[in-house]
Amino acid sequence: MGSFRDLEIYQLAAEYAIEAHYLSLKLPDFEKYEQGGQFRRSTKRVKDTIAEGYGRRRYKTEFIRYLIFAHASCDEASSQLETLNTLYGKEISFSDLMKKYDVLGRKINKYIQYVEENWRT
């Protein structure tokens with residue numbers, strides 16, 4: 001296996017983190033550094049945790065542990081999106097990114113199941 005960059009879940013998480021970053025910059029100035037900052041950190045944490053876990057893939061339980069952390073960060077990003085959508089959904093469209101994070105969460109979960117069932121240590 002190559003690099004963490006070869007994982008579809010990493011590629012999607014990286015793409016969505018960039019999309020989230022730019023979307024958050026459309027928030028009102030006072031919100032860019034409060035809710036927007038937390039939102040940016042949670043989205044970037046998904047991809048970073050996948051990368052860190054991949055570096056520990058030699059140890060199946062560690063790898064799974066980090067994938068679970070990435071899934072939790074994905075859930076946090078979804079929760080942040082729901083809040084932002086409630087507050088600013090009339091001015092800024094969050095719905096497409098909300099759908100993407102829902103799909104990403106399912107893909108991370110499927111990958112965790114794959115690793116649990118097929119990964120050899």
Side-chain angles (χ1 to χ4, degrees):
M1 200 175 253
S3 163
F4 63 86
R5 291 178 190 89
D6 297 327
L7 297 175
E8 179 188 19
I9 57 172
Y10 176 83
Q11 293 168 3
L12 292 174
E15 176 186 330
Y16 300 164
I18 299 301
E19 187 175 339
H21 180 88
Y22 286 114
L23 191 60
S24 75
L25 297 179
K26 296 179 180 180
L27 292 168
D29 286 340
F30 69 90
E31 200 69 280
K32 285 179 189 172
Y33 306 103
E34 293 293 327
Q35 189 75 32
Q38 181 63 32
F39 173 55
R40 286 189 297 275
R41 285 188 297 277
S42 67
T43 60
K44 292 170 186 169
R45 196 166 35 252
V46 178
K47 70 175 190 61
D48 294 340
T49 307
I50 292 168
E52 185 175 359
Y54 190 83
R56 299 168 188 253
R57 70 191 178 282
R58 174 179 290 182
Y59 308 102
K60 180 179 178 177
T61 55
E62 280 290 296
F63 189 23
I64 292 169
R65 186 169 153 235
Y66 276 82
L67 291 170
I68 290 169
F69 291 156
H71 190 267
S73 292
C74 186
D75 285 348
E76 180 186 0
S78 292
S79 176
Q80 295 288 334
L81 276 164
E82 288 175 9
T83 301
L84 290 169
N85 190 54
T86 299
L87 294 171
Y88 303 105
K90 291 180 181 165
E91 297 89 18
I92 304 168
S93 178
F94 294 97
S95 58
D96 286 345
L97 196 55
M98 289 172 73
K99 291 174 190 171
K100 290 176 180 180
Y101 271 95
D102 285 343
V103 171
L104 178 58
R106 287 194 295 276
K107 286 181 180 283
I108 293 171
N109 192 48
K110 286 289 225 185
Y111 191 67
I112 291 168
Q113 291 173 358
Y114 169 79
V115 171
E116 287 174 333
E117 295 169 6
N118 299 296
W119 209 262
R120 303 282 186 246
T121 55

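Just so you know, residue 1 is the first one in the sequence shown, and it goes up from there.
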Give the ring-plane orientation class for Y111 versus Y114, where under 30° counts as parallel, over 60° as perpendicular and anything between as tilted. parallel
Here the pair of heavy atoms bringing F39 nearest to A77 is CE1-O, 4.1 Å
Backbone N/O of K32 and side chain of R40: donor-acceptor pair under 3.5 Å: yes
Quick check: closest heavy atoms across S3 and Y54, and the distance to 0.1 Å? C-CE2, 3.6 Å
Residue list, side-chain contact (heavy atoms from CB on, under 4.5 Å) with Y16, at least two apart or on another chain: L12, E19, L97, K100, Y101, L104
Kindly check if the number of other-residue, nucleotide or ligand heavy atoms within 6.0 Å of OH (Y22) is above 12? no
When you look at NZ of K107, are more than 12 heavy atoms from neighbouring residues, nucleotides or ligands closer to it than 6.0 Å? no
For E82, does its backbone N or O pair with a side-chain atom of T86 as donor and acceptor, under 3.5 Å? yes
Over all atoms of both residues, closest heavy-atom pair of Y88 and E31: OH-OE2, 2.7 Å
Over all heavy atoms of both residues, which pair between E76 and Q38 is shortest? Give the atoms and the distance, please. OE2-NE2, 2.5 Å
Check whether more than 12 heavy atoms from other residues, nucleotides or ligands sit under 6.0 Å from atom CD of E34, and answer yes or no. no
When every non-hydrogen atom of E62 is compared with those of R56, the smallest separation belongs to OE1-NH1, 3.3 Å
Between C74 and I108, what is the shortest heavy-atom contact and its length? CB-CD1, 4.2 Å
